[in-house]
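Only one structure is covered here, and it is reproduced in the block below.
Predicted, not measured: the structure shown is a model, and the values here were computed from it. Just so you know, residue 1 is the first one in the sequence shown, and it goes up from there.
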Amino acid sequence: MTSLKRRSFLRPMRRLVALASVLGAGCTVFPNDARELGSLPFSDDFDRPSLGELWRPTGGHWAIQDGSVFTSGAQNQPLFLEIPLPADFVMEVDVTSLTRDVDCKIELMTDGRKHQSGYIFILGGWKNTISAIARLDEHGRDRRERRPTGMTGEKTYRWRIEKKGGEIQWLIDGEPYLNFSDRAPLDGPGHDRLAFSNWLNQVKYDNLRIWPYDLAPR
C-alpha cells in the first residue's frame, strides 16, 4: 500500500476510534442519561407555577396545577426526579385519584429514563380491581397483588414506602398495605431514581418527602 493510500485509509479509522472513545466515556460518566441535582433528605410541596429543573417528564401530560403535580394521562411515560436514591430509604407522598377508577402509580429504583425499569407500585389499577408491587414488569408473574383493593376513587391517600435492602413495605394512610421481598434487590447506578407514573387516569401528587432509611420519622 502506498503512503498516500495508507493515509487515506487511516484517517476514517482514526475518526471511528475517536468517536468510539467519546461514546464510551459518555456511557461511563452518565450511565443513566440522568442528572444528579440534589440529595436526601428531600421534600417538595410543588407550590410553584412549573415543574422546575429537578423534574424531567419523558412524555404524556405532566404539569403543576393548584400546588400539585397533575397528570391527565401519561401513558406510562413517567415524570422522573433527578435525585439518586440510596439502597435504603423511606418515601411519603399524597396521591389523589380524581376519578372512581383510582389507578395511581409510582415507580422506584428506576433507571431514570423509562417505564418498568425498577419497582412499580400500582394502587387500584385496571379500573380498581388490582393493587400490586411489581419488579421490572407490571404484568409479571412474580408481582405481589391485593384483590380487592379496598380503595375508593376521588380521594387522597398518604403513601409511605420503606425500602431496606430487598425488603419493601408499602403503607397507605399509616396502615400496612402490601410488601415485597427481593433476593436480588434493585439499587445503585441504573436503579436509583423515583418517578411519578400514570396510564390514562387523572391523578395528583403532593407533599413528597424522602429520607435515608435511618433518618426517617417513625
Side-chain angles (χ1 to χ4, degrees), residues 32-38 40-85 89-134 138 149-161 170-174 177-178 192-211:
N32 302 334
D33 293 336
R35 300 175 297 170
E36 297 184 9
L37 300 182
L40 305 188
F42 173 77
S43 65
D44 199 338
D45 295 325
F46 307 107
D47 293 327
R48 55 183 181 272
S50 61
L51 291 168
E53 67 173 4
L54 287 176
W55 293 92
R56 182 168 61 88
T58 56
H61 175 231
W62 296 99
I64 297 290
Q65 179 177 298
D66 300 325
S68 302
V69 171
F70 171 71
T71 177
S72 61
Q75 297 185 16
N76 286 335
Q77 298 176 83
L79 175 68
F80 288 98
L81 177 62
E82 302 277 39
I83 293 177
L85 301 174
F89 69 93
V90 175
M91 181 215 74
E92 292 187 357
V93 66
D94 291 331
V95 183
T96 304
S97 171
L98 301 177
T99 74
R100 289 180 296 177
D101 287 342
V102 185
D103 198 14
C104 305
K105 189 181 302 187
I106 288 177
E107 305 189 37
L108 295 173
M109 315 316 282
T110 76
D111 65 4
R113 294 178 296 169
K114 62 184 182 296
H115 170 55
Q116 297 190 132
S117 57
Y119 301 108
I120 309 105
F121 298 77
I122 304 170
L123 184 69
W126 298 277
K127 296 189 180 295
N128 200 20
T129 60
I130 305 171
S131 291
I133 303 175
E138 62 184 36
T149 68
M151 301 292 106
T152 59
E154 300 175 285
K155 183 177 177 180
T156 298
Y157 295 96
R158 185 65 177 174
W159 291 33
R160 180 179 171 103
I161 297 172
W170 183 10
L171 296 88
I172 298 291
D173 295 336
Y177 188 68
L178 268 175
D192 64 356
R193 299 304 167 100
L194 171 148
F196 296 151
S197 192
N198 173 260
W199 178 232
L200 291 176
N201 195 26
Q202 297 181 39
V203 182
K204 284 188 174 182
Y205 301 85
D206 202 0
N207 302 315
L208 174 66
R209 304 286 185 271
I210 313 173
W211 304 268

- [ ] For the residue pair Lys105 and Asn201, confirm or rule out a side-chain donor-acceptor distance under 3.5 Å.
- [x] no

TODO: Ignoring hydrogens and angles, state whether a donor on the side chain of Asn128 or Thr149 is under 3.5 Å from an acceptor on the partner side chain.
DONE: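 Asn128 vs Thr149: donor-acceptor pair found between side chains.
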
Atom of [X], atom of [Y] and distance for their closest heavy-atom approach:
{"X": "Gly124", "Y": "Ser131", "result": "N-OG, 3.0 Å"}
{"X": "Leu81", "Y": "Arg193", "result": "O-CD, 3.8 Å"}
{"X": "Trp126", "Y": "Thr129", "result": "O-OG1, 2.7 Å"}
{"X": "Trp211", "Y": "Pro41", "result": "CD1-CB, 4.1 Å"}
{"X": "His115", "Y": "Asn76", "result": "CB-O, 3.2 Å"}
{"X": "Asn198", "Y": "Asp103", "result": "ND2-O, 4.4 Å"}

- [ ] Might you work through the side chain to side chain contact (heavy atoms under 4.5 Å, CB included) test for Leu200 and Gln75, ending with a clear yes or no?
- [x] CA-CA 6 Å; Leu200 291 176; Gln75 297 185 16; 3.7 Å; yes

- [ ] Might you work through the side chain to side chain contact (heavy atoms under 4.5 Å, CB included) test for Tyr205 and Trp62, ending with a clear yes or no?
- [x] CA-CA 11 Å; Tyr205 301 85; Trp62 296 99; 4.0 Å; yes

Roughly how far, to the nearest 0.5 Å, is the [atom2] atom of [Y] from the [atom1] atom of [X]?
{"X": "Thr96", "Y": "Glu154", "atom1": "OG1", "atom2": "CD", "answer": "11.5 Å"}
{"X": "Asp173", "Y": "Lys155", "atom1": "CG", "atom2": "NZ", "answer": "6.0 Å"}
{"X": "Met151", "Y": "Cys104", "atom1": "CE", "atom2": "SG", "answer": "10.0 Å"}
{"X": "Ile172", "Y": "Leu123", "atom1": "CD1", "atom2": "CG", "answer": "5.0 Å"}
{"X": "Phe46", "Y": "Asn207", "atom1": "CZ", "atom2": "CG", "answer": "8.5 Å"}
{"X": "Leu108", "Y": "Ile161", "atom1": "CG", "atom2": "CD1", "answer": "5.0 Å"}

TODO: Could you check Arg113 against Thr58 for side chain to side chain contact (heavy atoms under 4.5 Å, CB included), going step by step and ending with a plain yes or no?
DONE: CA-CA 7 Å; Arg113 294 178 296 169; Thr58 56; over 6 Å; no

Task: Sequence-distant partners of Phe42, ring-ring contact (aromatic ring centres under 6.0 Å, His included), two or more places apart - done: none

Open item on the list: Can you confirm whether Arg209 is buried at CZ, in the sense that more than 12 heavy atoms of other residues, nucleotides or ligands lie under 6.0 Å from that atom?
Closed with: yes

- [ ] Just do the side chain to side chain contact (heavy atoms under 4.5 Å, CB included) check on Val95 and Phe196 with the steps written out, would you?
- [x] CA-CA 10 Å; Val95 183; Phe196 296 151; over 6 Å; no

Task: Heavy-atom donor-acceptor pair, Ser117 side chain to Thr110 backbone, under 3.5 Å - done: no

Task: Heavy-atom donor-acceptor pair, Gln116 side chain to Glu138 backbone, under 3.5 Å - done: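 Checking the backbone N and O of Glu138 against the side chain of Gln116, a donor-acceptor pair under 3.5 Å is found.
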
Task: Parallel, tilted or perpendicular, as decided by the 30° and 60° cut-offs, for the rings of Tyr177 and Trp170 - done: perpendicular

Task: Check against salt bridge (Lys or Arg N to Asp or Glu O under 4.0 Å), Arg158 and Asp206 - done: CA-CA 10 Å; Arg158 185 65 177 174; Asp206 202 0; over 6 Å; no

Open item on the list: Holding to side-chain contact (heavy atoms from CB on, under 4.5 Å), I want the full list of residues that pass it with Ser72, two or more places apart in sequence or in another chain.
Closed with: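 Testing Ser72 for side-chain contact (heavy atoms from CB on, under 4.5 Å), a comparison that skips the adjacent residues, returns His61, Phe70, Gln202.
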
- [ ] Evaluate the side-chain proximity of Ile64 to Val69: yes if any heavy-atom separation is below 4.5 Å, no if none is.
- [x] yes

Open item on the list: Applying salt bridge (Lys or Arg N to Asp or Glu O under 4.0 Å) as the test, list every pair that has at least one member in residues 66-78; sequence neighbours left out.
Closed with: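 Qualifying pairs: Asp66-Lys204.
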
